Every structure is written in C-alpha cells, then in structure tokens.
Q: 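So that we are looking at the same thing, I have put the structure below in structure tokens.
Proteins come first, then strands; the chains are lettered A, B, ... in the order of their sequence lines, and each starts at number 1. From a predicted model like this one, the values you see are computed outputs, not experimental measurements.
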Amino acid sequence: MVKKLFKYEFSAMLKKLLPLFVIVLGTAFLNRIIQFFERDSTTYNILFVSSVVLLVISCVVLLVGTLWISVSRYYKNMFTNEGYLTLSLPVTADQHITTKCVTALACGILSFLVCLFGGMIATSNGIFSEIVKAGWWLLRKFTKTFGAGRTISYSLEVILLLLLSAVKTILVLYACVSLGQLGKRNRNRPAKAVGFFFIYYFAVQVLATAGLIVIAVLDLSGKLEALAEWINLHPHTAANLFLWIGIVWSAGFCILYYWISRHVLTKKLNLE
Amino acid sequence: MSELVRCEKLTKIYDRTVALDHIDLTVENGKIVGLLGPNGSGKTTLIKLLTGLLTPDEGAVLVDGNAPGPETKKVVAYLPDRNFLNTYMKVGEIVQYFEDFYEDFKPERAYRMLEELGIEKDVQLKTLSKGNKEKVALILTMSRDAKLYVLDEPIAGVDPATRDYIIRTIISNYQPEASVLISTHLISDVESVLDEVIFIQNGTILLQKTVDEIREEKGMSVDAMFREVFRW
C-alpha cells in the first residue's frame with residue numbers, strides 16, 4: 001500500500017513541479033545563450049542582468065513553490081472533500097503522513113538539484129569549473145587538516161542535520177494545517193492553519209528572546225568564556241557535540257509535530 | 001445471518017452538541033437498510049463513525065468484528081454525500097486508483113457501467129456534468145465486492161430518472177451476502193428495495209424494524225410511517 005501511496009504522491013507532485021523545472025532550466029539556458037553574444041554593449045548588460053535576475057527568481061519560486069505545493073497537497077488531500085476518499089483507503093494515518101513527508105522531502109531535494117543544475121548551465125562558461133576546483137581544494141584542505149575519518153563523519157552529521165531540519169519544516173507546516181482543522185466550525189480552516197503557524201513562529205521568537213534575557217540577567221559571561229575555552233581546547237568534541245545536539249533537537253521536534261498531525265487525523269478528524 | 005455492524009452505547013459530541021447519544025444498533029449480513037431521519041438527526045455522523053472518518057467519544061462501533069481502521073476499510077465501500085473525487089483526474093486514472101487500493105475492486109464491472117453511460121475513460125472528471133460525476137462515484141463504489149456498502153444520500157439532488165438509475169445500479173451490483181446502508185430523506189424512492197429501516201432523530205434511534213414488520217404491525221408504508229413519526 002505504501003508503494004502505491006508513493007506512486008500517487010510522486011505523480012501528483014511532479015505534475016505540478018515539472019513546469020517549474022522547465023522554467024528554471026529554460027532561464028538558465030537563456031542566460032547561457034546570452035553569454036555567447038557581444039559583451040561590451042549596454043543591450044548585452046541589460047539582457048544578461050535580466051536573465052540572471054530571472055534565473056534567481058525562478059529558483060526561489062521553485063524552492064518556495066515545492067514547499068507550498070507539498071503543504072497545500074497535504075491540506076487538500078486530507079481535509080477537504082478529497083479527504084473522504086483518501087481517509088477511506090485501507091491505509092493508516094502513519095502511512096499517509098510518512099509518504100507525504102518523504103515525497104515532499106524528495107521533491108525538495110529534486111528542486112534543489114534542478115536549481116543547482118540551472119546554476120551549472122548558467123556558469124558553464126568556465127566559472128563553474130572554477131567553483132568545482134575551489135570546492136575540491138576546500139575538501140582536500142579539510143581532509144588534510146582533520147583526517148579522512150573526521151571529514152566523512154562531519155559530512156554525514158551535517159547532511160543528517162540538514163535533512164532533519166527540512167523534515168522539521170515540513171512537519172511543522174503539516175501540524176499547523178492539522179491544528180487548523182480543529183473546532184466545530186468548518187469555515188476558514190486554511191486561515192486558522194496560517195494563524196497557528198504565526199502563533200508557533202511568535203512563540204519560538206519569544207522563547208529564544210527569553211533565553212537570551214536569562215543568559216544576560218544571570219550574568220553567565222564567565223561560564224560562556226569557559227565554554228569558549230573548552231571549545232578551543234577540544235574543537236572536534238565540541239563540533240560533534242553541537243552537531244548532535246542539533247540532530248537530537250530537530251529529531252525531537254519532528255516527533256512532536258508528527259504526533260500532532262497523527263493525533264488530529266486519528267482522534268480529532270472532522271472533515272468539512 | 002451473522003452480524004456485520006454493531007454499535008454499543010455509541011456517542012459523538014461536537015463541542016457541546018450531542019450528535020449521537022448512546023446508540024445501540026446492529027446490522028446483519030445480506031440486508032438493505034434505510035437510515036432515515038431529518039436533517040441534523042445524526043445520520044452522517046453515524047456513517048462517518050462506521051467508515052472511520054470520526055472517532056467516538058464514548059462507546060464502540062465494530063464492522064465485521066473490527067474497530068474502524070485499515071481492516072474495516074478493506075471491506076466497506078463508502079459513497080459520501082459530496083463529490084470526493086479529484087476532478088483533475090481522468091476517469092481511467094480514478095478507476096486505476098480504486099483498483100490499486102481496493103483488492104475487491106472489479107475494473108471490468110466499472111468499465112461496463114461507464115460504457116453503458118457513454119463515459120469515456122480519457123475524459124477528465126471536471127468536464128462531466130454534476131449528475132455524471134455522481135454516477136461515476138456510485139459506479140466506483142458499487143464496483144467493489146465489499147461486505148458493507150455505506151451510501152450517504154445517494155439520491156439527493158438528482159432528477160427522478162437519475163434516481164432510478166442509481167437505485168437500479170445499487171440493486172444490480174451489490175453482493176447478496178453484503179449489506180447496504182442507505183441514508184436518505186427520499187423514502188418513497190427507495191422503499192421498494194429496503195429490507196429494514198432505522199429511524200434516527202436527535203442522535204437517538206427511534207425505531208429499527210423490517211419493512212414487513214412496519215407494514216404488518218402499523219398497516220402503513222415506511223414513507224407514511226416516517227411522516228407520522230417526524231411530523232412537526
């Protein structure tokens with residue numbers, strides 16, 4: 001069943017994303033073609049800058065659009081009339097949330113790769129090979145300084161942290177959409193979901209500010225200095241520790257947001 | 001006859017409104033049961049609880065011995081009271097969708113009925129008329145060899161000819177050992193096919209009898225009985 005869910009999720013997402021992929025790659029090709037023309041004219045400069053701006057805008061639209069399409073699909077598929085079919089399938093709420101989240105993540109990665117490929121096309125006049133050379137030099141330098149084992153472990157930890165952060169972003173939006181469905185009145189459910197997101201965002205900012213105030217009031221400068229000294233003495237342990245704190249922190253919030261969506265779908269479902 | 005549906009003290013409360021109040025109910029195999037009641041009586045809430053779209057606040061509901069979940073969804077064919085299909089899909093795609101997810105779905109039966117109506121599989125659902133969309137939804141539901149068919153207001157808001165088509169489709173496609181639960185206000189249209197009726201009002205069951213019992217005991221049709229019970 002999960003395989004079939006993935007099949008329909010991917011086909012529905014890609015149907016909407018393909019035109020955006022074409023736009024990004026099209027503007028990248030356009031930019032590259034413009035570069036073949038005479039470079040010392042005002043017309044060239046205007047066309048070149050415009051095509052770069054167009055490429056940047058289309059990449060932003062693709063990345064934001066991917067997230068938007070993923071979240072709106074979750075809402076439409078689960079909580080509107082379509083939910084009557086989706087939630088009548090012999091599938092668990094866990095399978096629904098997981099397939100939607102994994103598909104959204106995979107499509108996000110795909111969109112990122114398309115943007116990267118677009119950038120490659122636009123910079124294939126020699127700049128791209130310079131960027132690759134610089135990246136390769138940095139990697140070699142990093143490996144030489146920290147060793148191959150540490151380079152691999154840092155890379156894996158950073159990738160894991162990035163993936164968990166992306167999943168956390170998707171799941172917090174799913175949780176807000178799910179919470180927006182609560183209450184007796186069925187009206188303005190998308191507005192309620194947006195409201196929940198802003199409440200969440202505001203709460204996060206308030207907590208972060210409160211944390212900074214606590215540090216300032218308690219005068220922890222001495223302890224912070226000690227911490228900085230410890231980091232200087234044990235840079236690898238500190239880097240690993242901070243990366244793992246980030247990983248556990250993100251994983252914890254992923255579980256919380258997943259649980260909220262699951263709870264609404266299994267215990268508080270109230271379709272329009 | 002074995003028991004297919006059992007509700008015990010089934011209760012659903014929306015905020016402070018009691019939609020279903022400690023309902024006890026059983027439906028046996030092989031019956032066509034009319035779930036009859038005025039608007040807001042709790043028919044759709046009961047159906048949503050049976051299909052697992054709602055969870056009860058108190059009591060329990062069992063379908064084929066299981067609480068609503070993936071196992072019961074395998075054996076319950078549900079037709080909601082609204083268009084629940086993705087209208088951007090083509091008819092053939094939605095048939096494939098049902099075939100993919102429901103093991104008991106019979107695509108050849110669906111295509112036969114669609115062909116009878118002249119609906120091509122390459123047609124997008126959104127281009128069909130409201131009546132044809134409803135017919136497609138019914139065809140998909142009745143193309144399953146389910147144990148329980150739950151049809152929420154299947155003949156509401158359609159012309160008499162379409163009503164006849166819908167009733168004919170239900171009768172000629174459900175499995176004899178299965179049960180059909182039809183919620184409706186239009187009793188005279190379905191009365192001839194019902195084995196049993198359940199009258200529901202304000203979230204409580206007023207009456208559950210066979211159509212023959214009503215005729216023999218009260219000497220009146222189900223329609224006349226409904227009008228008497230629910231008279232303002």
Q: Is it true that, when you exclude B/Lys106 itself, more than 12 heavy atoms of the residues, nucleotides or ligands shown sit nearer than 6.0 Å to its NZ?
A: yes
Q: Between atom CG of B/Leu53 and atom CG of A/Leu265, what is the distance when rounded to the nearest 0.5 Å?
A: 11.0 Å
Q: Is B/Glu120 atom CD crowded by more than 12 heavy atoms from other residues, nucleotides or ligands, each under 6.0 Å away?
A: no
Q: Are more than 12 heavy atoms from other residues, nucleotides or ligands located less than 6.0 Å from atom CD of B/Glu115?
A: no
Q: Anything under 3.5 Å between a donor and an acceptor, one on a side chain of residues 164-172 of chain B, the other on a protein residue two or more places apart or in another chain? List them.
A:
{"from": "B/Thr169", "atom 1": "OG1", "to": "B/Tyr165", "atom 2": "O", "distance (Å)": "2.7"}
{"from": "B/Ser172", "atom 1": "OG", "to": "B/Arg168", "atom 2": "O", "distance (Å)": "2.7"}

Q: Assess whether atom CD of B/Glu103 is packed by more than 12 heavy atoms of other residues, nucleotides or ligands within 6.0 Å.
A: no
Q: Ignoring hydrogens and geometry, is there a side-chain-to-backbone donor-acceptor pair from B/Lys73 to A/Leu87 under 3.5 Å?
A: yes
Q: If you look at every heavy atom in A/Pro90 and B/Pro70, which pair is closest and at what distance?
A: CB-O, 3.4 Å
Q: So, for B/Thr55 and A/Thr266, which heavy atoms are closest and what is the spacing to 0.1 Å?
A: CG2-O, 2.9 Å
Q: Nearest 0.5 Å, what's the CZ-CG distance between B/Phe98 and A/Leu89?
A: 8.0 Å
Q: Taking heavy atoms only and a threshold strictly under 4.5 Å, list by residue number the residues of residues 86-97 of chain B that touch chain A; give 'none' if the list is empty.
A: B/Asn86, B/Met89, B/Glu93, B/Ile94, B/Gln96, B/Tyr97
Q: Side-chain polar contacts of residues 162-176 of chain A - donor-acceptor pairs under 3.5 angstrom, sequence neighbours left out - could you list them?
A:
{"from": "A/Ser165", "atom 1": "OG", "to": "A/Leu161", "atom 2": "O", "distance (Å)": "2.8"}
{"from": "A/Thr169", "atom 1": "OG1", "to": "A/Ser165", "atom 2": "O", "distance (Å)": "2.9"}
{"from": "A/Tyr174", "atom 1": "OH", "to": "A/Lys100", "atom 2": "O", "distance (Å)": "3.2"}

Q: With a 4.5 angstrom heavy-atom cut-off, is it the side chain or the backbone of B/Asn83 that approaches chain A, or both, or neither?
A: backbone
Q: Kindly indicate whether the side chain of A/Thr86, heavy atoms from C-beta on, has any atom under 4.5 Å from the side chain of B/Phe101.
A: no
Q: Write out, in numerical order, the residues from residues 1-21 of chain A with a heavy atom short of 4.5 Å from a heavy atom in chain B.
A: A/Met1, A/Lys4, A/Leu5, A/Lys7, A/Tyr8, A/Lys15
